[in-house]
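Structure first, commentary second.
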Amino acid sequence: MDKLLNLGFRESARAEIINIQFQITISRNEYSRNILYAFVVKRGDDISNWYIRYIGHSRKSFRNRMSGYQQGNGQAVNNRIHIEMRERCISGEEVVVYCLPDLFNMQLHDLHLDVAAG
């Protein structure tokens, strides 16, 4: 987890159960594109007890990508992550989504490097 934070990943959303519905509430990077993101289960304040459950990438906006996980439809990974994160929230665990937007605007010989594509 330390490595992700050092790279620039920042808390950007939380998965919660609100009125018996699974929701992902976005706090920042809503419209960022070409992103990397990580679902993290936090257990207390000690970072050594935080568990990265899934790391993904998207060229879509962060909001659009999180919508797929919130609904749990479409791609098989959407459903798998939806089910796991929903169950973790129901059991009282804290689920946070960290995002690394394309802040660096990295280029090599006048070509933009797509961080999300690796």
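The basis for the numbers below is simple: all heavy atoms, side chains too, and nothing from hydrogens, waters or symmetry mates.
A donor-acceptor contact closer than 3.5 angstrom is absent between the side chains of R59 and N64. In this structure, a donor-acceptor pair under 3.5 Å is absent between the side chains of E30 and S61.
Panel note: side chain W50, backbone G44; a donor-acceptor pair is recorded below 3.5 Å. Put simply, the side chain of N19 never gets that close to the backbone of Q21: no donor and acceptor are under 3.5 Å apart.
Using a 4.5 Å heavy-atom threshold, the side chains of N29 and I35 count as separate. Proximity of M85 to R53: side-chain heavy atoms (C-beta onward) are separated by under 4.5 Å at one or more points. Side chains of Q70 and Q23 form a contact here, defined as non-hydrogen atoms less than 4.5 Å apart. Annotation: side chain of R14 is in contact with side chain of E94 (closest heavy-atom distance under 4.5 Å). Residues Y54 and E84 are not in side-chain contact: their nearest non-hydrogen atoms beyond the backbone lie 4.5 Å or more apart. Side chains of F9 and C99 form no contact here, defined as non-hydrogen atoms less than 4.5 Å apart. In this structure, the side chains of I52 and L4 come closer than 4.5 Å at one or more pairs of heavy atoms. Within the 4.5 Å cutoff, the side chain of N78 has heavy atoms near those of the R65 side chain.
Closest of all the heavy-atom pairs between R43 and Y51 is NH1-CE1, 3.1 Å. Looking at every heavy atom in both residues, E93 comes nearest to V41 through OE2-CG1, 3.4 Å. Residues V96 and E11 share a closest heavy-atom pair of CG1-CG, 3.2 Å. The shortest heavy-atom contact between S27 and A13 is OG-N, 3.9 Å. Between M1 and V40, the shortest heavy-atom contact is SD-CG2, 3.9 Å. Listed here is the closest heavy atom pair of I47 and D2: CD1-OD1, 3.3 Å.
Counting heavy-atom neighbours within 6.0 Å of D46 CG, excluding the residue itself, gives a total above 12.
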Pair V97-F62, side-chain contact (heavy atoms from CB on, under 4.5 Å): steps then yes or no: CA-CA 10 Å; V97 186; F62 182 59; 3.8 Å; yes

Worked check of side-chain contact (heavy atoms from CB on, under 4.5 Å) between L5 and Y98: CA-CA 9 Å; L5 294 175; Y98 284 77; 3.7 Å; yes

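Between the CZ atom in R63 and the CD1 atom in I24 there is a gap of 12.0 Å [rounded to 0.5 Å]. Taken to the nearest 0.5 Å, the CG atom of L100 stands 6.5 Å off from the CG atom of L7. For the atom pair CD (E87) and NE2 (H82), the distance works out to 9.0 Å, reported to the nearest 0.5 Å.
Note: the hydrophobic cluster containing Y31 does not contain I26 (ILVMFWY, side chain heavy atoms under 4.5 Å, direct or indirect links). In this structure, M66 is a member of the same hydrophobic cluster as I17, with clusters built from ILVMFWY side-chain heavy atoms closer than 4.5 Å. I83 and F22 sit in two unconnected hydrophobic clusters of ILVMFWY residues. Membership requires side-chain heavy atoms under 4.5 Å apart, directly or through other members.
Under the ring pair (Phe, Tyr, Trp, His ring centres under 6.0 Å) criterion, Y37 pairs with Y69, sequence neighbours left out.
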